[in-house]
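Structure first, then comments.
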Amino acid sequence: MNEEASGSAMVSTSSSSSDSIFTNFPLISAVLAFAIAQSIKLFTTWYKERRWDLKQLVGSGGMPSSHAATVTALAVGVGFHDGLGGSLFAASVILASVVMYDATGVRLQAGRQAEVLNQIVYELPAEHPLSESRPLRELLGHTPLQVVAGGILGFVIASLVHLIVWLVS
């Protein structure tokens, strides 16, 4: 088989004319998991602080991790759709691992550093040039529990979407 023929064979097996973004099961699972995780943050903030904070719908940090929910739902969706043996599933699992590691590592530490820096700036005398600085965002990363909760949410959402698609078809 020549190189051109094998290349076209690979393309034809990975897509069909009936595929649409609206029937892309892994994408739908990921977007839905993100939306649900962000919505849950609105309620967890209300429960903890007894106030509604609509910024939670688009903000990072908090319970559960929408990053973890999104990438886990994507990986699980790819696994259900394409199987566990393919390179697409492998790539989505590695992506999910990197995102979740980063959320509990670098981003969490950056948020903690922002807290310390904000406290230092707050204690500066009024005549200091940095005393009027805008505070740094402190809620950047996630605790391991928030990431695990997001991962479980992503798994559950992708599994439910898969079940619904299976029942309908």
Side-chain angles (χ1 to χ4, degrees), residues 9-112 114-115 136-169:
M10 288 192 313
V11 171
S12 65
T13 60
S14 65
S15 66
S16 73
S17 60
S18 65
D19 286 344
S20 159
I21 195 167
F22 301 109
T23 59
N24 186 325
F25 162 68
L27 178 64
I28 292 168
S29 297
V31 170
L32 188 59
F34 175 81
I36 291 172
Q38 289 298 108
S39 298
I40 290 172
K41 288 180 187 183
L42 184 69
F43 293 100
T44 58
T45 301
W46 179 84
Y47 179 77
K48 197 166 107 179
E49 301 175 13
R50 295 289 187 232
R51 67 180 179 87
W52 293 107
D53 184 5
L54 294 179
K55 293 178 192 169
Q56 292 297 319
L57 292 173
V58 294
S60 62
M63 173 66 103
S65 167
S66 58
H67 290 88
T70 303
V71 294
T72 301
L74 179 65
V76 171
V78 167
F80 279 136
H81 188 264
D82 296 337
L84 305 179
S87 58
L88 188 57
F89 177 71
S92 62
V93 167
I94 295 301
L95 171 70
S97 300
V98 169
V99 167
M100 290 188 278
Y101 175 79
D102 180 65
T104 59
V106 175
R107 287 180 41 232
L108 180 62
Q109 294 305 317
R112 289 180 177 163
E115 286 180 44
L136 299 170
R137 286 185 49 222
E138 297 176 3
L139 195 55
L140 299 173
H142 294 282
T143 64
L145 179 63
Q146 292 169 338
V147 170
V148 168
I152 292 170
L153 177 64
F155 180 86
V156 168
I157 296 299
S159 299
L160 288 174
V161 170
H162 177 70
L163 180 63
I164 291 167
V165 168
W166 180 77
L167 289 172
V168 170
S169 56

Closest heavy-atom pair and its distance - Ala103, Val147: CB-CG2, 4.1 Å
Can you name the closest pair of heavy atoms from Phe25 and Ala158 and give their distance? CZ-O, 3.4 Å
For Phe22 and Ile28, the nearest pair of non-hydrogen atoms, with its separation, is O-CD1, 3.1 Å
What pair of heavy atoms forms the shortest contact from Ala37 to Ala69, and how long is it? CB-CB, 4.1 Å
By side-chain contact (heavy atoms from CB on, under 4.5 Å) - contacts of Ala30 (at least two apart): Thr70, Leu74
Distance check, rounded to the nearest 0.5 Å: Ile36 atom CD1 versus Ser66 atom OG? 12.0 Å
Which pairs pass ring pair (Phe, Tyr, Trp, His ring centres under 6.0 Å) with one or both residues in residues 75-106, sequence neighbours excluded? Phe80-His162
Can you list everything that forms a side-chain contact (heavy atoms from CB on, under 4.5 Å) with Ile164? Sequence neighbours excluded, please. Val168
Partners of Leu27 by side-chain contact (heavy atoms from CB on, under 4.5 Å), sequence neighbours excluded? Ile21, Asn24, Val31
Take Leu160 and Leu32, measure what side chain to side chain contact (heavy atoms under 4.5 Å, CB included) needs, and give me the verdict at the end. CA-CA 11 Å; Leu160 288 174; Leu32 188 59; over 6 Å; no
Where do Ser65 and Gln146 land on the side-chain hydrogen bond (donor to acceptor under 3.5 Å, both in side chains) test, with the steps shown first? CA-CA 5 Å; Ser65 167; Gln146 292 169 338; over 6 Å; no
Before giving the answer on side chain to side chain contact (heavy atoms under 4.5 Å, CB included), spell out for Met100 and Thr72 the whole-Å C-alpha distance, their side-chain angles and the decisive distance to 0.1 Å. CA-CA 9 Å; Met100 290 188 278; Thr72 301; 3.8 Å; yes
Do Ser92 and Val71 have side-chain heavy atoms sitting under 4.5 Å apart? no
Sequence neighbours left out, what passes side-chain contact (heavy atoms from CB on, under 4.5 Å) with Val98? Give chain and number order. Ile94
